[in-house]
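In what follows, a structure is listed as structure tokens, so that the remarks can point back to it.
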There are 2 protein chains.
Amino acid sequence: MFKTEPSTDKGEQTRRHIFDCALELFRENGFDATTMQEIALRADVAKSAAYYYFPGKEAIIQAYYEAVQDEQERVCRRIFAGSGNLKARLAAAMHAKFDLAKEDRKLLGVVFRYTGEPEHPLSCLGAGTEEIRRRSIGVFREAIAGERLPKDLDQLLPVALWSLQMGLLILFLYDRSEGQRRTRRLADGALELTLKLLALAKLPVLKPVRTKVLSLLREADLLPEG
Amino acid sequence: MFKTEPSTDKGEQTRRHIFDCALELFRENGFDATTMQEIALRADVAKSAAYYYFPGKEAIIQAYYEAVQDEQERVCRRIFAGSGNLKARLAAAMHAKFDLAKEDRKLLGVVFRYTGEPEHPLSCLGAGTEEIRRRSIGVFREAIAGERLPKDLDQLLPVALWSLQMGLLILFLYDRSEGQRRTRRLADGALELTLKLLALAKLPVLKPVRTKVLSLLREADLLPEG
DNA sequence: CGCAGGATTTGAACATGTTCAAAACTGAGC
DNA sequence: GCTCAGTTTTGAACATGTTCAAATCCTGCG
């Protein structure tokens, strides 16, 4: 993903050490207020060593984002294995990410920095983050696997849920209520609503709406394998 | 909004001149690739003069964003005055912004840079941009004024439409189709759908859904005057 | 051992956003 | 016209992200 991954064990350790020190400092002082000098100082290496392992300061954030994604997948797989109904699985997926992010709201914000800049390697909707996005959507795919859904919804739902999660994550960052319970409740409510709509989507009155939504999204190339 | 506005006529002119030169360069080379030195050079002033008028490079982008908003309001007021039906008015509001942004997709992306950082003065959802956001939502409020809507929808709709617009703007930035027609079609379709749903919202089957949506959003503090 | 070749690490530069104290300018009041 | 207070403008620093060529370290091999 970045340069070449370190090829020796020592290199791997150094990389990890720099990463840990950087996260510590980011958590203490925020991303912008932390200088590469400070990171290097705490990690007891030269400033340029950090650049040997990370292409730039923001790449450290991307590594953090990947770590969060790893963790969410671990947590969710464990929960999904214990079955649970659909709603519980979806809620687990959402809240898992919130739980992981809750101490790092300042950090996570940086992940969204290049949302509007398609070419930027760190754009959270761009090519540089495709892998992580695919995995993130995959969690929802796994959550709804086993449900008997029409094929079109099978494609639509994971992307829709992922979008919902991204939106809620932003709200989460702005939410100053204790433990971000407002966002968490909204997440629960939105999921409940989604499931209700899923049921309603079969009603005849709503058939044209459903068709319309799907064709719109397909035309806009917002669904996998257009 | 920034420091104090320039207080003499000459100052106003200089500010404007620096702003124009900066936009030229941003359009030619993109935001990040343009240095303050270059801006100052083209404007034929000292680098620090730019900092006298703008607190930083990104403040120039915010000024640009404000200029776009001014222009959208002018355009929309003119169109709204010629009445037109609801759908036409909403479409006009959406497309007006697209039209203004279409030559500046690289610039506009920067507006979204601090979306995930509530404290940042340029966060497009934060306190520092409240004024511009209020005006942006206001355009939709004006577009639907004159419709006879239930009071709750009267509050909900402008915010919902504004959110839709923000989301579509991001898609717009990623849309590589000629003239971004994909996004424009999606916008049209989404509006049509919104109006259809508005009509459906009165159906008895959907009453609980509507109530639920509203109470959720209200609880999440996502509606004006809680 | 001693060396070759790669991986790691370094320190010294560089580029550029930002700050600041001082200089230059301007215009109102005398 | 002169003075003075406020505004504008400047050049020189500074802070910090980033680059790079060289030095050092390691490891497998003869």
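What you see is a predicted model, and the numbers here were worked out from it, not measured in a lab. Quick note on labels: first sequence line is chain A, next is B, and so on, each numbered from 1.
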Value in whole Å for how far the P atom of D/dT16 lies from CG of A/L41: 13 Å
Nearest-neighbour nucleotide for the A/K10 side chain, C/dT18, D/dT9, C/dT9 considered: C/dT9
Among C/dA13, C/dT18, C/dT10, the nucleotide that comes nearest once only the side chain of A/K47 is considered: C/dA13
A/I39 CD1 - D/dT16 P separation (whole Å): 12 Å
OP1 or OP2 of D/dT18 under 4.0 Å from side-chain N/O of A/Y51: yes
Residue from A/Q165, A/M94, A/Q72 passing side-chain contact (heavy atoms from CB on, under 4.5 Å) with A/V139: A/Q72
Any side-chain donor near an acceptor of the partner, B/Q69 and B/E73, under 3.5 Å: yes
Interatomic distance, B/F54 CZ vs D/dT9 P [rounded to whole Å]: 12 Å
Nucleotide D/dT8, atom P - distance to CG of B/D9 in whole Å: 10 Å
Shortest non-hydrogen separation from B/T115 to B/F112 and the atoms involved: OG1-O, 2.7 Å
Atom-to-atom span, CD of A/E58 to C1' of D/dT18 - whole angstrom: 13 Å
Separation of atom CD1 in B/I61 from atom C1' in C/dG17, rounded to whole Å: 15 Å
A/Y52 side chain near C/dT10 phosphate (N/O to OP1/OP2, under 4.0 Å): no
A/T34 side chain to A/K57 side chain, donor-acceptor N/O pair below 3.5 angstrom: no
Electrostatic pair A/R113:B/E117 at N-O distance under 4.0 angstrom: yes
Interatomic distance where NZ belongs to B/K57 and P belongs to D/dT16 [whole Å]: 18 Å
Ion pair B/E24/B/R42, N-O distance below 4.0 Å: yes
Position toward the 5' end of DNA chain D (nearest nucleotide), B/A49 or A/G56: B/A49
Whether B/R89 side chain and B/F80 backbone form a donor-acceptor pair below 3.5 Å: yes
Residues within residues 26-37 of chain A bordering DNA chain C, heavy-atom distance below 4.0 Å: none
Per B/S48 side chain, nearest of listed nucleotides D/dT18, D/dT9, C/dC20: C/dC20
